[in-house]
Amino acid sequence: MRSAPSRRGAAASEHVGPARVTARGLAVRHASRLAWALTAVDLVVEPGERVLVTGASGAGKSTLFAVLAGLLDPEAAEVTGELAVDGADPRAARDRLGLLMQDPDAQLVMTRAGDDVAFGLENAGLPPAEIWPRVDAALAAVGWRYGRDRATQALSGGEKQRLVLAGALARRPGLLLLDEPTAQLDPAGGDVVREAVTRAVAGRRTTLLVVDHDAAPWLPLVDRVVEVRDGGLVEHPSGWRPTPRTAGLALPGGSSLIRSPDHRGSDLTNGGAGGAPLIRSPDHRGAAVVADGAGFTYRGTTTPALAPVDVALPAGRVTAVTGSNGTGKSTLALLLAGLRAPGTGTVLASAELAARGERRPHRWRAGELVTRIGSVFQQPEHQFLTGRLRDELELGPLRSGSGSAAARAGAEELLERLGLTPFADANPFTLSGGQQRRLSVATALATAPRVLVLDEPTFGQDAGTWRELVTLLAEQRAAGCAVCTVTHDRDLVAVLADAEIAL
């Protein structure tokens, strides 16, 4: 999916007017699956309409968008029924398409930000004199804070999401498909993106379909809401509102609230040397992992990805790391998890947690790390190592010395709790984004580590799977585990965090 057509199309000219989408009895089954990902989908979207698509994690929303975008080749999936964009096969309408997929890395094709946005316009044959003003306008629309020359490999996940959206908007498409467009963005960034989309579709010259588990902010913009379910689509009535996912939630060990932006009552103090953020918990006693002035600058750049920070992860507490995109949250997570050595300062484990007397987690062997600090990456697919979900969950326990029976029992329990049992023999790379996220959290839990460092653990979840993930993390806290979660999810911070570090 890294070719030109899967990005923004390879048309010779731009669209004229909004697109019309029709589906009758649409069904999709991926080549590696026995079960159908979509069945009996009937949908008509009139030109210029704006439709919000909801549904449970794994219901087939991303599959629906993939087939609408003409990305499913016959070798990759069986597609039955009728589907058309302006009366034609979707693969023939790619020139009219603007697409943001769940994984922005799958759509980045150039090494510099401006070139990436210009890519689709160049393929469309626009003259250079028109391309670059369009690029600059699209970048400004999504709140881009860098220049055209910013290296795409230096971007955070949320920044990549903004960049891909800019590329989609620059085309002024007839059909705009947005799959979780704000999931990796901070709240302010999410507002900017929704405002950009609102402006892009204001004249009804673009038809919009958007998937988002955070449905409420989109309701003022969309004309209607449809839900993907097993057996087809269900249209929600006018005035529909989602049920808050925190309603009636009861967690093991209770919960603590630390709220931004004023941080009163929190564990934070600000004001590091030279203006760098220095964020220190008041007491490091009982901390499983402590970062002291830890910072990092990636090779080939001069601006630090993470300015020096002080952080303590106490046992039996949940620490939330929040902040705007690009402030170094994911880099901090890598340092705390022992997956990268700090460029400045230190990251040290407690003497009790140390391996072979070595307190620097980045110096531990893989087998030592896996039983001490469990990690979840921002991109979950980067940590999958096997060809089956069941094997993925058994791998860590087996390598850490657990017997096969214990490893199997633990895997089955996690599969059941996270709604993944039907996919136990599936390849992890065939899962939806939300399912992959739950699997990545499960792999971190499987070895019962005493520290958990989780990057966006609730990304892509519906209300039910979100509640189960939060409950699992609360159980870890109650058992004495030190939990650190990098997140933009304010609900997660509100119900689970004992302390919040805002970078």
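What you see is a predicted model; the values in this text were computed from it and never measured.
For the residue pair Ser57 and Thr465, the shortest heavy atom distance occurs at CB-OG1, 4.2 Å. The minimum heavy-atom distance between Ala59 and Leu38, with the atom names listed, is O-CD2, 4.1 Å. Summarising the geometry of Val44 relative to Arg20, their closest heavy-atom pair is CG1-NH2, 3.6 Å, with the distance given to 0.1 Å. Of all heavy-atom pairs between Ala106 and Met101, the closest is CB-CE, 4.3 Å. Among all heavy-atom pairs drawn from Arg417 and Thr471, the shortest one is NH2-CG2, 3.9 Å.
Between the side chain of Arg477 and the backbone N or O of Val483 there is no donor-acceptor pair closer than 3.5 Å. Side-chain atoms of Arg437 do not come within 3.5 Å of backbone N or O of Val376 as any donor-acceptor pair. In this structure, the side chain of Gln436 does not engage the main chain of Phe384 through any donor-acceptor pair within 3.5 Å. Not one N or O on the side chain of Lys329 forms a donor-acceptor pair closer than 3.5 Å with the backbone of Val321. Judged by distance alone, the side chain of Glu49 and the main-chain N or O of Glu46 form a donor-acceptor pair under 3.5 Å.
Atom CG of Leu414 sits about 11.0 Å away from atom CG of Leu389, to the nearest 0.5 Å.
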Scan the side chains in residues 187-195 for donor-acceptor partners under 3.5 Å anywhere in the protein, sequence neighbours excluded, and list what turns up.
unit_1	atom_1	unit_2	atom_2	d
Asp191	OD1	Arg194	NH2	2.9

Using distance only, find each side-chain donor-acceptor pair of residues 68-79 under 3.5 Å and give its atom names and separation, not counting sequence neighbours.
unit_1	atom_1	unit_2	atom_2	d
Glu78	OE1	Arg29	NH2	2.8

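Taking the charged nitrogens against the carboxylate oxygens, Arg204 and Asp223 do have a contact shorter than 4.0 Å, which makes a salt bridge. With salt bridges taken as basic N to acidic carboxylate O contacts below 4.0 Å, none links Lys61 and Glu180. The pair Glu159-Arg145 meets the salt-bridge criterion, since a charged nitrogen lies less than 4.0 angstrom from a carboxylate oxygen.
Checking Thr63 against His30 by side-chain atom types alone, a donor-acceptor pair falls below 3.5 Å. Looking at Thr458 and Asp489, their side chains do bring a donor and an acceptor atom within 3.5 Å of each other. When only modelled atom types and interatomic distance are considered, Ser330 and Asp455 share a side-chain donor-acceptor pair under 3.5 Å. For the residue pair Arg438 / Gln461, a side-chain donor-acceptor distance below 3.5 Å is found, with atom types taken as modelled. Residues Thr322 and Glu500 bring a donor and an acceptor atom of their side chains to less than 3.5 Å of each other.
With sequence neighbours left out, the side-chain contact (heavy atoms from CB on, under 4.5 Å) criterion links Thr386 to Asp391, Glu392, Leu395.
By the 30° and 60° cut-offs, the orientation of the rings of Trp144 relative to Tyr146 is perpendicular.
The 12-atom threshold is exceeded at CD of Glu475, counting heavy atoms of other residues, nucleotides or ligands nearer than 6.0 Å. Counted within 6.0 Å of CD on Glu416, heavy atoms from surrounding residues, nucleotides or ligands total 12 or fewer; the atom is thus considered open. A 6.0 Å sphere centred on CG of Asp42 holds more than 12 heavy atoms belonging to other residues, nucleotides or ligands.
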